[in-house]
2 protein chains.
Amino acid sequence: MKNNLFAPSQEQTERIGNFFRVMGDPTRLKILTVLLNGKMCVMHISQAVGMSQSAVSHQLAILRRANLVCVSRSGKSQVYAIADEHVRLILDMALLHSAEHEEEL
Amino acid sequence: MKNNLFAPSQEQTERIGNFFRVMGDPTRLKILTVLLNGKMCVMHISQAVGMSQSAVSHQLAILRRANLVCVSRSGKSQVYAIADEHVRLILDMALLHSAEHEEEL
DNA sequence: TGTTCATATGAATATTTGTTCATGTGAACG
DNA sequence: CGTTCACATGAACAAATATTCATATGAACA
């Protein structure tokens, strides 16, 4: 009800919006929850989430750019992992919270 | 690297995915940050975010269904507000975090 | 170093999601 | 109680995003 409102910078809003948006896609979220179990190569991830290698690879690229996962090579495979404990924490929190609010939505 | 993976229930994944997705839209995020300033009616919100009344109303409906905002009537106006402190907290945390990581993304 | 295997990627298509436009609805206030 | 004002909503359209398909890439290992 004021004349000048608090507002985060547009850049800031875009950044957190982007973060939420990346987390908000079903396929990416499945990938992330699968990776909570530990490092995994692309083939196994795509089996675990039941999607094509290509689709998974495209989404992994998005997760990489958003710094939510990181990659390393092991033999012939690219091994993906949750980028850091911070991401793991957010996922855990969201899962916990959702368990508390089963009636909502 | 195991045979049976930890996996949240599909319902759980959908719920948190939905939460993140709702937060991830630029218009909705603008609306929410505007509402951090306090309760506001639809007309004022649409002025504050610079979008049509209809577009804002559609997005408010989504925010309502996701329990991120709540409504009450005041005279002829519907007054919207952040649903609870929990939502406020998440927004604050995300804004803080984004300020700390300006170089990422 | 040539071949293979795992993954990445570009382009086309499919799908989802947001906005607009026109109009409906319902509470308020005369 | 009818009109008006503020908002909601359905359908059509537009824009963004995900998936598929075909193919490129590039490290590993013979």
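Every heavy atom of this structure was used, including side-chain atoms; hydrogens, water molecules and symmetry mates were not. So you know, we letter chains A, B, ... as the sequences are listed, proteins then strands, and number each from 1.
- Nucleotide D:dT4 holds its C1' atom 14 Å from the CE atom of B:Met43, rounded to whole Å.
- With D:dA28, D:dA6, C:dA8 as the candidates, the nucleotide lying closest to the side chain of A:Lys76 is D:dA28.
- Each of D:dT9, D:dA6, C:dT7 was ranked by its minimum atom distance to the side chain of A:Val42; first place goes to C:dT7.
- Nearest nucleotide to the A:His58 side chain, out of D:dC7, C:dA11, C:dT20: C:dA11.
- A straight line from CD1 of A:Ile62 to P of C:dA8 spans 13 Å, rounded to a whole angstrom.
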With side-chain contact (heavy atoms from CB on, under 4.5 Å) as the test, would you mind laying out the steps for B:Val34 and B:His44 before giving the verdict?
CA-CA 10 Å; B:Val34 163; B:His44 285 155; over 6 Å; no

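- With hydrogens and angles ignored, the 3.5 Å screen pairs no side-chain donor or acceptor of B:Ser74 with any backbone N or O of B:Ser77.
- No hydrogens or angles considered: a donor-acceptor pair under 3.5 Å links the side chains of A:Arg21 and A:Asn18.
- Residue A:Gln59 comes nearest to A:Asp25 through the heavy atom pair OE1-OD2, 4.1 Å, listed as atom of the first residue, atom of the second, then distance.
- Side-chain N/O atoms of B:Gln53 and base N/O atoms of D:dA8 include a donor-acceptor pair closer than 3.5 Å.
- Judged by distance alone with a 3.5 Å cut-off, no donor-acceptor contact links the side chain of B:Ser57 to the base of D:dC7.
- Between the NZ atom of A:Lys39 and the C1' atom of C:dT7 there is a distance of 17 Å, given to the nearest Å.
- Between A:Tyr80 and C:dA8, a side-chain N or O to OP1/OP2 separation shorter than 4.0 Å is present.
- Between the CZ atom of A:Arg21 and the P atom of C:dT17 there is a distance of 13 Å, given to the nearest Å.
- Pair assignment for D:dT19: C:dA12, on the basis of Watson-Crick or G-U wobble contacts that are both within less than 3.5 Å.
- For B:Glu14 and C:dT16, the CD to C1' distance is 15 Å, given to the nearest whole Å.
- Side chain of A:Gln59, nearest nucleotide from C:dG18, D:dA18, D:dT9: D:dA18.
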Stepwise side-chain contact (heavy atoms from CB on, under 4.5 Å) test for A:Lys39 and A:Ser72:
CA-CA 9 Å; A:Lys39 304 166 164 245; A:Ser72 61; 4.1 Å; yes

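- B:Ser9 places a side-chain N or O within 3.5 Å of a backbone atom of B:Gln12 that can act as its donor or acceptor partner.
- B:Phe20 places its CZ atom 19 Å from the C1' atom of C:dT17, with the value rounded to the nearest Å.
- Of the candidates C:dT20, D:dC21, C:dT7, C:dT20 carries the atom nearest the B:Ala55 side chain, counting heavy atoms from C-beta on.
- Put simply, CZ on A:Arg65 is 11 Å from C1' on C:dA8, counting in whole angstrom units.
- Using a 4.0 Å heavy-atom criterion, one finds that A:Ile45 contacts no nucleic acid atom at all.
- You'll find a donor-acceptor pair under 3.5 Å spanning the side chain of B:Ser54 and the base of D:dT9, going by distance alone.
- Mapping A:Asp25 and A:Gly75 onto DNA chain D by nearest heavy atom places A:Asp25 closer to the 5' end of the strand.
- Taking atom CD1 of residue B:Ile31 and atom C1' of nucleotide D:dA8, one finds them 14 Å apart after rounding to whole Å.
- Between B:Ser77 and D:dC5 there is no side-chain polar atom (N or O) within less than 4.0 angstrom of OP1 or OP2.
- In this model, the phosphate group of C:dG18 is approached by a side-chain N or O of B:Arg28 to a distance below 4.0 Å at OP1 or OP2.
- Closest to the B:Arg73 side chain, of the nucleotides C:dA27, C:dT7, D:dA8, is C:dA27.
- Backbone-only engagement by B:Ser52 is indicated by non-hydrogen atom pairs under 4.0 Å involving sugar-phosphate atoms exclusively.
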